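These notes are about the structure you will find just below.
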Amino acid sequence: MISAYTSFQRIDRLPDALGKEVTLNGWVYDTTGKGKLHFIKLRDGSGIVQCVVFKPNVSEEVFDTARSLTQESSVQITGTVRAEERAPGGVEIDVTNITIWQLTSNYPITPKEHGDAFLMENRHLWLRSTRQHAIMRIRATVVKAIRDFFDANGFTLIDSPILTPAACEGTSTLFETEYFDLGKAYLSQSGQLYAEASAMAHGRVYTFGPTFRAEKSKTRRHLTEFWMVEPEMAFFTLEDTMDLAEDLVEYIVQSVVRHRYQELSTLGRDIAKLEKIQRPFHRLSYSEAVEWLNKNNIKLNKKQPDGTEIQIDFPWGEDFGAPQEEALMQQFDKPCIVHRYPAEVKAFYMKRDPHSPKLALAMDMLAPEGGGEIIGGSQREDDFDALKARILEHHLPLEAFEWYLDLRRYGSVPHSGFGLGLERTVKWISGAEHIRETIPYPRMIYRIQP
RNA sequence: UCCGGAAUAGCUCAGCUGGUUAGAGCAUCUGACUGUUAAUCAGAGGGUCGCAGGUUCAAGCCCUGCUUCCGGAGCCA
C-alpha cells in the first residue's frame with residue numbers, strides 16, 4: 001500500500017478516516033467565500049473534497065491564507081474529516097492549517113465555458129478538469145480490460161516494431177523518416193503482419209501500441225497517432241474471430257461499467273445503454289446490409305463528371321462510407337458486425353470466401369450511438385500462390401514481402417485477426433463528442449502541440 | 001486534396017443598413033456577507049476588432065489576398 005509510505009492522505013480514502021486529523025496535498029479546484037466562512041475544493045488526482053475554513057476556528061493568518069487562494073494554487077491542507085451530507089462525496093475537511101506550495105495567478109481555464117481551440121492549446125492544463133480526468137481513467141480501464149482479457153485467454157503479448165521498412169497495407173499514407181544508411185523508414189500503420197508471424201510462434205498473440213497514419217483526415221473520429229490492439233490467432237476462422245471480437249468488446253464495456261461507474265456518471269453517460277452491451281451482438285453480411293440500405297431508401301451521393309451530385313441506389317460492390325454505417329446502426333442498440341465484403345474494396349491479405357470468390361472474409365464491428373467503426377479484421381490469405389498473386393496485383397514490392405510470404409511457405413495454417421481502435425472505443429463508451437478528448441495529447445493534422 | 005464555416009478584452013460572445021468615444025457576462029483586483037456548489041451585491045482596471053492592401057467623407061462591418069482554427073468528404077481504427 002503506497003499510503004503507508006506517505007505522510008499525507010489520499011482524498012479517495014477519506015471516508016476511512018472519519019473523525020481523524022489528516023494532511024492533504026493537492027491543487028485548489030475552486031474556491032468561494034462567504035464572509036467568515038470560506039470553501040476550498042481541493043483535488044489531488046484521486047478525488048475532490050471540500051475544505052471549510054471558519055474564521056473563529058483558525059488563526060487570522062490561516063484565514064487570510066484561505067482567502068488568498070486562487071484556482072490551481074498548490075497547497076497542503078490539514079484538518080479533521082467530518083461526514084457532511086451537504087458536501088458532494090459525503091465528507092468534508094474542517095481546516096486547521098494551510099501551507100501554500102505555490103500561489104497561482106491567472107490560471108487560463110476558468111470554470112466558465114471555453115472553445116475547443118483554446119482548450120486544445122491548453123491540453124496540458126485541460127487534463128486537470130473533472131471531465132478529462134474521468135475520460136483518462138476510463139481509457140486506463142479500457143486498456144487494462146483489453147490486457148486482462150487477452151492474458152486470461154491464452155494470448156501472448158508480442159509487440160510489433162514502430163519503425164518499419166515499408167507499408168503494411170500499401171494503401172494509406174505513412175510518416176517517413178531517415179534511417180541511417182538504410183534509406184527511408186516509416187512509422188507503423190499496423191502491427192498486423194508482424195502479429196501474423198508471431199502467431200505462428202505462439203498460437204495466439206496480440207500487439208498493443210501506437211499506430212500512425214499520415215492521412216489528412218479532418219473528422220472527429222480520426223487521429224494521426226492512435227493506439228490499436230491487434231490480436232492474431234492461428235487456426236481461427238472468420239466466425240471464430242467474430243465471436244472473439246464480441247467477447248472482447250462485451251468484456252471491455254462491462255469492465256468500465258463495473259470499475260468506472262463514478263466517472264461515467266460524471267460524464268453524464270447513459271449507463272443503462274452500456275449495461276445492455278451483452279452478447280450476442282447483431283450480425284449482417286455486406287450483401288444483407290446493402291439490401292437493407294436500399295429497402296430503407298438510404299441513397300448514395302455520387303459525384304457526376306460535371307461536378308454535380310446525384311443520389312442513387314446503393315450499388316453492390318461499393319464500400320460503405322460513414323453515412324451508410326450511421327444509417328445502418330440507427331436500428332441497433334448493440335454493436336453490429338458486418339462481414340464478407342466485396343474483395344475489391346478490401347486489403348490484399350484477406351482471404352477470399354471459398355463459397356463466393358468475389359467476397360473477402362472480412363469483418364467490421366460498428367458501435368451504436370454513433371460510435372462508428374471500432375474494429376476491422378479478417379481471415380488472412382494462407383495460400384502461397386494466392387497471396388503472391390494478390391501482392392503483384394496491388395503493385396506492391398515483392399522483395400519487401402518475402403518474409404511475409406515465408407509464413408505461407410513453412411507450415412501455413414488458416415489464421416485470423418483484427419484491430420480494435422482504442423480511442424474510438426473510449427469515445428463510444430465515454431460518450432465523448434470528439435476523439436481528441438480520448439487521448440492525453442492528441443496528434444492531428446493541424447495540431448502537434450502541446 | 002476537395003466542400004463549407006469562423007477569427008472583436010485573459011475566456012465565451014454581441015455589435016443593426018458602413019456613421020460620434022468599442023459592448024456584455026465570466027475571469028482579475030478592492031470591499032460586504034456563517035453553507036457556497038458556474039454564489040450574490042457594490043466598485044475598478046483591461047482592446048493593434050487575426051495580418052496586409054483596397055473602396056469610401058467615414059470600415060469591426062464592404063472587396064481582394066494571406067494566416068490560423070473548426071466541421072464534413074475521401075482514407076481508415
Side-chain angles (χ1 to χ4, degrees), chain A residues 29-41 48 50-57 63 67-68 70-72 84-89 92 94 104-122 130 168-174 189-192 208 210-230 245 300-303 307 309 318-323 325-326 345-347 364-367 371-377 418-428 433-436 438-439 444-447 449:
Chain A
Y29 191 71
D30 194 15
T31 170
T32 174
K34 201 161 161 66
K36 299 193 174 72
L37 194 58
H38 208 78
F39 301 97
I40 302 159
K41 283 213 191 76
I48 294 185
Q50 178 161 276
C51 305
V52 184
V53 192
F54 187 36
K55 195 169 184 184
N57 293 353
F63 192 76
R67 278 172 44 101
S68 76
T70 52
Q71 195 190 353
E72 290 305 317
E84 173 58 71
E85 273 182 26
R86 287 172 290 186
E92 214 170 60
D94 278 327
T104 293
S105 52
N106 298 320
Y107 186 69
I109 301 177
T110 67
K112 272 278 186 176
E113 61 202 284
H114 296 284
D116 298 330
F118 177 79
L119 289 169
M120 285 311 301
E121 274 156 31
N122 291 285
T130 32
C168 282
E169 306 188 8
T171 50
S172 42
T173 321
L174 303 178
Q189 56 164 337
S190 165
Q192 182 203 315
F208 197 178
T211 304
F212 306 87
R213 305 269 165 97
E215 296 290 341
K216 294 192 172 179
S217 301
K218 272 179 67 101
T219 79
R220 57 186 133 161
R221 52 182 194 283
H222 283 91
L223 294 165
T224 55
E225 176 182 324
F226 64 97
W227 282 62
M228 183 157 69
V229 60
E230 294 172 281
L300 179 71
N301 287 327
K302 186 104 183 172
K303 227 182 193 157
E309 274 197 358
E318 189 92 10
D319 202 1
F320 295 145
E325 292 180 353
E326 207 163 302
V345 301
K346 287 292 177 183
D364 287 345
M365 187 189 288
L366 309 175
E373 188 180 331
I374 56 171
I375 282 179
F418 61 85
L420 175 138
L422 174 62
E423 287 79 13
R424 286 189 179 177
T425 304
V426 174
K427 175 176 179 287
W428 164 48
E433 282 295 305
H434 200 297
I435 199 165
R436 67 187 155 210
T438 64
I439 186 166
M444 295 177 294
I445 169 168
Y446 291 129
R447 186 166 301 282
Q449 292 270 353

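Quick note: numbers below take in every heavy atom, side chains included, and nothing from hydrogens, waters or symmetry partners. Protein chains get the first letters and strands the later ones, always in sequence-line order, with residue 1 at the start of each. Keep in mind that this is a model prediction, so the values were computed, not measured.
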Report summary line: The nucleotide from B:rU28, B:rG74, B:rA77 with an atom nearest the side chain of A:F226 is B:rA77
Report task. Among the candidates B:rC76, B:rC11, B:rG35, find the nucleotide nearest to the side-chain atoms of A:F118. Result -> B:rC11
**Report entry** Check: A:S217 side chain, B:rC76 base, donor-acceptor under 3.5 Å
**Finding:** no
Query raised in the report: Would you say A:E326 has more than 12 foreign heavy atoms packed within less than 6.0 Å of its CD?
Result: no
Query raised in the report: What is the base-pairing partner of B:rU28, counting Watson-Crick and G-U wobble geometry with both distances under 3.5 Å?
Result: B:rA44
Query raised in the report: Per the atom types in the model, does the base of B:rC76 pair as donor or acceptor with the side chain of A:H222 at under 3.5 Å?
Result: yes
Query raised in the report: Toward the 5' end of RNA chain B, which comes first, A:P108 or A:L223, by nearest nucleotide?
Result: A:P108
Report summary line: Under a 3.5 Å limit on both distances, the Watson-Crick or wobble mate of B:rC57 is B:rG19
Requested in this report: Using a 4.0 Å heavy-atom cut-off across all strands, classify A:L420 as base, sugar-phosphate, or nothing.
Outcome: nothing
Report task. Could you state the atom-to-atom distance from CZ of A:F320 to C1' of B:rA77 in whole Å? Result -> 18 Å
Query - Pairing partner of B:rG4 (Watson-Crick or G-U wobble, both distances under 3.5 Å) - result: B:rC70
**Report entry** Pair assignment for B:rA52, Watson-Crick or G-U wobble, requiring both distances under 3.5 Å
**Finding:** B:rU64
Requested in this report: Find the partner of B:rA9: check Watson-Crick (N1-N3 plus N6-O4 or O6-N4) and G-U wobble (N1-O2, O6-N3) distances, both under 3.5 Å, and reply none if neither fits.
Outcome: none
Query raised in the report: Residues two or more places apart in sequence or in another chain: which of them pass side-chain hydrogen bond (donor to acceptor under 3.5 Å, both in side chains) with A:R447?
Result: none
Query - Under 3.5 Å on both distances, the Watson-Crick or G-U partner of B:rA38 - result: none
Below 3.5 Å is the cut-off: list the nitrogen or oxygen pairs between protein and nucleotides 68-72 of chain B, distance only.
from	atom 1	to	atom 2	distance (Å)
B:rC69	OP1	A:Y446	O	3.1
B:rG71	OP1	A:H434	NE2	2.9
B:rG71	OP1	A:R436	NH1	3.2
B:rG71	OP1	A:R436	NH2	3.4
B:rG72	OP1	A:R220	NE	2.3
B:rG72	OP1	A:R220	NH2	3.1
B:rG72	OP2	A:R220	N	2.8
B:rG72	N7	A:K218	O	3.0

Report task. Report yes or no: do A:Q71 and A:T110 form a side-chain donor-acceptor pair below 3.5 Å? Result -> no
Query raised in the report: Are OP1 or OP2 of B:rU34 and a side-chain N or O of A:K34 less than 4.0 angstrom apart?
Result: no
